[in-house]
Amino acid sequence: MKIIACNSNKVLAESISSYIGVPLANASIRKFADHEIFVEINENIRGEDVFIIQSTSHPANDHLMELLICIDAAKRGSAKRITAVIPYYGYARQDRKTGPRTPITAKLVANLITSSGADRVLTMDLHAGQIQGFFDIPLDNIFSAPPIIKDMKKKFKNNSNLVIASPDVGGVVRARAFAKRLNAGLAIADKRREKAGESDVMNIIGDVNNKTCILLDDIADSAGTLCNAAKALKNKGAKEIFSYIAHGVLSGKALERIQNSAIEELVLTDSIQASDLIKNIKNIRHISIAPLMGEAIKRISSDSSVSALFD
């Protein structure tokens, strides 16, 4: 097995490498003066099972090109099998036509990854499950639930007033699954969105009065939906509000909104590498998905069941 780390999340790649017990391959991924990306794998990978770790987070286009070029380099280096390990799959929210003459970019990205030479894809918490069908190669979409639930059980031990809240109707299935595992209540924020990037929470469905509420979602980007939902929960009498998010994109004024919101603590996975600015914010904490991703990689390499991780 060879593990190659691209530049988007070196910290996670090193943690995965440490968990598996396989050192990162010696690879050089850099830019020329005109910002063209160049990849050179500095060791023999002929006949190897190669895993390339890269989240397509900001800057999404640079990180996507790094991934594609690295896959091509591995293919031309005669790797036996190439798995693109994408903890955060960028462009996932463009999974359908939202109007006339608009693209389905999630499908385009799937085509690019396949055409570049990847044999399979490992990703986590896809924004839309149907993206799995955009690939003509095997795709494993694993879930961040195990480390998140473990952290919740540790933090909210013996809390009988726990409510799992979804910030919008689209996240109800996820919230219900967590509520069942934690034996907690369920609440839903009824959201009305006027335009992209802005949202307005109109109502809360469920009993949250004097409860400890956990807002659960897959992505926090501008954090507008999240903070509006927290405000609505507080107005309905919620005692404490926490939030767990799989992918902390946190663009624009997201950090400012979170710091000024009713959320006491926001817990993110490290699928996207945290900037120094995020690390210095007291009410944001990260939990690692390295053991989860590492175990999935080991199972793929040994042709074992990945789905058994979640039984």
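The analysis underlying the following values was restricted to heavy atoms, covering all of them including side chains, and did not include hydrogens, waters or symmetry mates.
By the rule that hydrophobic residues join a cluster once side-chain heavy atoms approach within less than 4.5 Å of another member, V163 and I263 end up as members of one cluster. I300 and L24 fall within the same hydrophobic cluster, where Ile, Leu, Val, Met, Phe, Trp and Tyr residues are linked whenever their side-chain heavy atoms come under 4.5 Å apart, directly or through other members. Tracing side-chain contacts under 4.5 Å through hydrophobic residues (I, L, V, M, F, W, Y), one reaches M124 starting from I3; they form part of the same cluster. Each of L64 and Y88 belongs to its own hydrophobic cluster when Ile, Leu, Val, Met, Phe, Trp and Tyr are linked at side-chain heavy-atom distances under 4.5 angstrom. At a threshold of 4.5 Å between side-chain heavy atoms, the hydrophobic network of Ile, Leu, Val, Met, Phe, Trp and Tyr places V121 and I71 in one connected group.
A distance-only check finds no donor-acceptor pair linking the side chain of S301 to the backbone of I297 [under 3.5 Å]. Under a 3.5 Å cut-off, the side chain of S116 and the backbone N or O of I113 do form a donor-acceptor pair. When atom types are taken as modelled, the side chain of S55 and the backbone of S271 share a donor-acceptor pair closer than 3.5 angstrom. The backbone N or O of A246 lies less than 3.5 Å from a partner atom in the side chain of T269, making a donor-acceptor pair. D207 places a side-chain N or O within donor-acceptor distance of the main-chain N or O of N209, the cut-off being under 3.5 Å. The main-chain N or O of N7 is found under 3.5 Å from a side-chain atom of E66 such that the two form a donor-acceptor pair. The closest donor-acceptor contact from the side chain of N280 to the backbone of D276 lies under 3.5 Å. Counting only distance, with no hydrogens or angles, the side chain of D270 and the backbone of I289 share a donor-acceptor pair below 3.5 Å. No donor-acceptor pair closer than 3.5 Å links the side chain of S18 to the backbone N or O of S15. A distance-only check finds no donor-acceptor pair linking the side chain of S78 to the backbone of R46 [under 3.5 Å].
Looking only at atom types and distance, the side chain of N203 has no donor-acceptor partner in the side chain of D190 under 3.5 Å away. Counting only N and O atoms by type, the side chains of S251 and D221 include a donor and acceptor under 3.5 Å apart. Looking at E264 and N283, their side chains never bring a donor and an acceptor atom within 3.5 Å of each other.
Ion pairing between E14 and K10 fails under the 4.0 Å rule for side-chain N and carboxylate O.
The salt bridge (charged side-chain N to carboxylate O under 4.0 Å, His left out) check on D217 picks up R174, with sequence neighbours excluded. Take R76 and apply the salt bridge (charged side-chain N to carboxylate O under 4.0 Å, His left out) test, not counting sequence neighbours, and it matches D72. Scored by the salt bridge (charged side-chain N to carboxylate O under 4.0 Å, His left out) test, D49 finds R81 as partners (sequence neighbours excluded). Under the ring-ring contact (aromatic ring centres under 6.0 Å, His included) criterion, F242 pairs with F156, not counting sequence neighbours. Looking at residues two or more places apart in sequence or on another chain, you find no side chain to side chain donor-acceptor pair (under 3.5 Å) involving T98. For N61, the side chain to side chain donor-acceptor pair (under 3.5 Å) partners are Y91, not counting sequence neighbours. Residues passing the side chain to side chain donor-acceptor pair (under 3.5 Å) test with R285 are D151, E265, sequence neighbours excluded. Every residue was checked against the side chain to side chain donor-acceptor pair (under 3.5 Å) condition with E48, not counting sequence neighbours, and none meets it. Qualifying salt bridge (charged side-chain N to carboxylate O under 4.0 Å, His left out) partners for K31, counting only residues two or more places apart in sequence or in other chains: D62.
K180 contributes atom NZ, which lies 14.5 Å from atom CD1 of I164 (distance to the nearest 0.5 angstrom). Note that CD1 of I245 and CG of L216 are 7.0 Å apart. Values are rounded to the nearest 0.5 Å. Rounding to the nearest 0.5 Å places CD1 of I205 at 5.0 Å from CD1 of I188. To the nearest 0.5 Å, atom OG1 of residue T83 and atom CE of residue M1 are 9.5 Å apart. Rounded to the nearest 0.5 Å, atoms NZ (K2) and CD1 (I82) are 14.5 Å apart. The line from CD1 of I142 to CD of E295 is 10.0 Å long, rounded to the nearest 0.5 Å.
With L126 as the partner, the side-chain contact (heavy atoms from CB on, under 4.5 Å) test is satisfied by one option alone out of D218, L139, I86: L139.
Within the structure, the salt bridge (Lys or Arg N to Asp or Glu O under 4.0 Å) test picks out the following pairs touching residues 101-125 (sequence neighbours left out): R120-D140. Within the structure, the salt bridge (Lys or Arg N to Asp or Glu O under 4.0 Å) test picks out no pair touching residues 224-249 (sequence neighbours left out).
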Practice task
Show your working on side-chain contact (heavy atoms from CB on, under 4.5 Å) between H58 and V249 and close with a plain yes or no.
Solution key: CA-CA 8 Å; H58 176 80; V249 177; over 6 Å; no
Practice task
Show the numbers, then the answer: is there a side-chain contact (heavy atoms from CB on, under 4.5 Å) between Q130 and D95?
Solution key: CA-CA 8 Å; Q130 65 264 27; D95 61 315; 2.7 Å; yes
Practice task
Begin with the C-alpha distance, continue with both residues' side-chain angles, and end with the deciding distance and a verdict on side-chain contact (heavy atoms from CB on, under 4.5 Å) for Y19 and I16.
Solution key: CA-CA 5 Å; Y19 176 86; I16 291 171; 5.7 Å; no
Exercise for the section: Decide side-chain contact (heavy atoms from CB on, under 4.5 Å) for L250 and I258; before the verdict, give the C-alpha distance in whole Å, the side-chain angles of both, and the deciding distance to 0.1 Å. Expected result: CA-CA 9 Å; L250 304 181; I258 290 163; 3.6 Å; yes
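Contact annotation: the side chain of Y244 never approaches that of L215 to less than 4.5 Å [non-hydrogen atoms, C-beta and beyond]. No side-chain heavy atom of N228 sits under 4.5 Å from any side-chain heavy atom of L226. The shortest side-chain heavy-atom distance between L182 and K153 falls under the 4.5 Å cut-off. Within the 4.5 Å cutoff, the side chain of I214 has heavy atoms near those of the L162 side chain. Within the 4.5 Å cutoff, side-chain heavy atoms of I4 are placed close to those of V50. Side-chain atoms of C6 and I52, non-hydrogen and from C-beta on, do get closer than 4.5 Å to each other. The shortest distance between side-chain heavy atoms of F178 and M152 falls below 4.5 Å. Side-chain contact between V267 and I287 is present, with heavy atoms from C-beta onward closer than 4.5 Å.
A pairwise comparison of heavy atoms in I45 and G77 identifies CG1-O, 3.6 Å as the closest pair. Taking both residues in full, the closest heavy atoms of K97 and P100 are given as NZ-C, 4.3 Å, listed atom of the first, atom of the second, then distance. Of all the heavy atoms in H247 and P87, the pair that sits closest is CE1-O, 3.1 Å. When all heavy atoms of A73 and V39 are compared, the closest pair comes out as CB-CG1, 4.0 Å. Listed here is the closest heavy atom pair of Q94 and P103: OE1-CG, 4.1 Å. In this structure, S57 and S8 approach most closely via the heavy-atom pair OG-CB, 4.3 Å.
Other members of the hydrophobic cluster containing F38, listed by chain and number, are F32; membership follows side-chain contacts under 4.5 Å among ILVMFWY residues, whether direct or relayed.
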